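Convention: sequence-line order gives letters A, B, ...; per-chain numbering from 1. Treat the numbers as computed from the prediction; the structure is a model and nothing was measured. Below, all heavy atoms of this structure are taken into account, side chains as well, without hydrogens, waters or symmetry copies.
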Amino acid sequence: MPKSSRFLHSVYNKLYSSFGPQGWWPGDTRLEIIVGAILTQNTAWSNVEKAIANLKRSGSIESISKLKSIGSSRLAGLIRPAGYYNIKAKRLKCCLDFLHGRLGPDMRKVSSIKTGDLRKELLGVHGIGPETADSILLYAFGRPVFVVDAYTRRIFSRHGLISGDEDYETIREVFMKNLSSEERLFNEYHALIVNLGKNFCRPKARCEGCPLDSAKYYFCKVKPRCKRA
DNA sequence: GACCAGGCACATC
DNA sequence: GATGTGCATGGT
């Protein structure tokens, strides 16, 4: 087994033993997962939760049709806590138009579309970039794709697997080529990375108890502050 | 009050 | 093709 592959499996095993199954994505329905994927762009999840709670209270997130029917300014008001609310309202609208038009009101047609084709189509939707597309593919549609996020970049560049300034697709390939293409694995791995990142790899994060604490690993802080030798 | 968070589109060079 | 900028709230 190649070195990178061994490393990625080893990290996964450490994270899984430490954190356990993550049960992602945090959302009740497929539509809710997709909406959450857009709302969480460059935004803390706690703020997204407030926005989704507003959408639930309004009853509009029950179906694509209902969500499509609310006006842009009302939608923006509901998702206000998630930040960038004007931009995100527009992005949600574009996404809903795509889902409804291409996949049908219940998204039933999705099963007939190959993952690669669906990814290309998602990337063509205004407001859906590579990370959001992969999040939707993996967590809403159960497709085996790896989601690369800011934590992935930060953590694995810190550990020397990547330099960190590669483009999204390059990093994604590193993971997809070195791991078996299993939806379950990709689902859990990304969730574990976010868990690790939130707790140990951002400002004011604690140093103690990091599952990757070992001689060769840097961790903590945006810029490495701790190095256990 | 500064800094940050599970990005993306668009302008400019 | 690379780099910079606007978008905005809520928590630390």
Touch class at under 4.0 angstrom, heavy-atom based, for A:Ile193 against every strand present
nothing

Atom CG of A:Asn47 to atom C1' of C:dT12: distance rounded to whole Å?
12 Å

Grab the CD-C1' distance between A:Glu166 and C:dG1 for me, whole Å please.
17 Å

Scan residues 75-91 of chain A against DNA chain C and write down, sorted by residue number, each residue with any heavy atom closer than 4.0 Å; if none is found, say none.
A:Arg80, A:Pro81, A:Gly83, A:Tyr84, A:Tyr85, A:Asn86, A:Ile87

Under a 3.5 Å threshold, yes or no: a donor from one side chain and an acceptor from the other, between A:Asn54 and A:Arg57?
yes

How many whole angstroms separate atom CG of A:Asp167 from atom C1' of B:dC8?
15 Å

Please report, rounded to the nearest Å, how far the P atom of B:dA9 is from the CD1 atom of A:Ile38.
10 Å

Contacts of A:Ser46 and A:Asn42 projected onto DNA chain C by closest heavy atom; the upstream (5') one is A:Asn42

Distance-only side-chain donor-acceptor flag, A:Thr43 / A:Lys88, under 3.5 Å:
yes

Rounded off to whole Å, could you give me the CD-to-P distance for the A:Gln41 and B:dC10 pair?
13 Å

4.5 Å side-chain heavy-atom contact, A:Leu196 and A:Cys210
yes

Rounded to the nearest angstrom, tell me the gap between atom CG in A:Leu196 and atom P in B:dA5.
14 Å

Strictly by modelled atom types, are A:Ser65 and A:Ser63 linked by a side-chain donor-acceptor pair under 3.5 Å?
no

When the P atoms of B:dC8 and C:dG10 are considered, how many whole Å apart are they?
22 Å

Please give, in whole Å, the distance from C:dT3 P to A:Asp165 CG?
9 Å

Any pair with a residue in residues 68-77 of chain A that passes side chain to side chain donor-acceptor pair (under 3.5 Å), sequence neighbours left out, goes on the list, sorted by first then second residue, please.
A:Lys68-A:Asp97

Roughly how far apart, to the nearest Å, are B:dA5 and C:dT3 at atom C1'?
22 Å

Within the structure provided, determine whether A:Val145 and A:Thr115 are in side-chain contact (heavy-atom separation under 4.5 Å).
yes

Whichever of A:Leu123 and A:Lys198 has its nearest DNA chain B nucleotide further upstream toward 5'
A:Lys198

Could you state the atom-to-atom distance from CG of A:Leu39 to C1' of B:dC8 in whole Å?
14 Å

DNA chain B: 5'-proximal contact among A:Ser135 and A:His126 (nearest heavy atom):
A:Ser135

Is the phosphate of B:dG7 approached by A:Arg153 (side-chain N or O, under 4.0 Å from OP1 or OP2)?
no

Are A:Phe175 and A:Phe186, when compared by the centres of their aromatic rings, separated by less than 6.0 Å?
no

Under 4.0 Å between a side-chain N or O of A:Thr132 and OP1 or OP2 of B:dC8?
yes

So what does A:Val125 touch, heavy atoms closer than 4.0 Å: a base, only the sugar-phosphate, or nothing?
sugar-phosphate

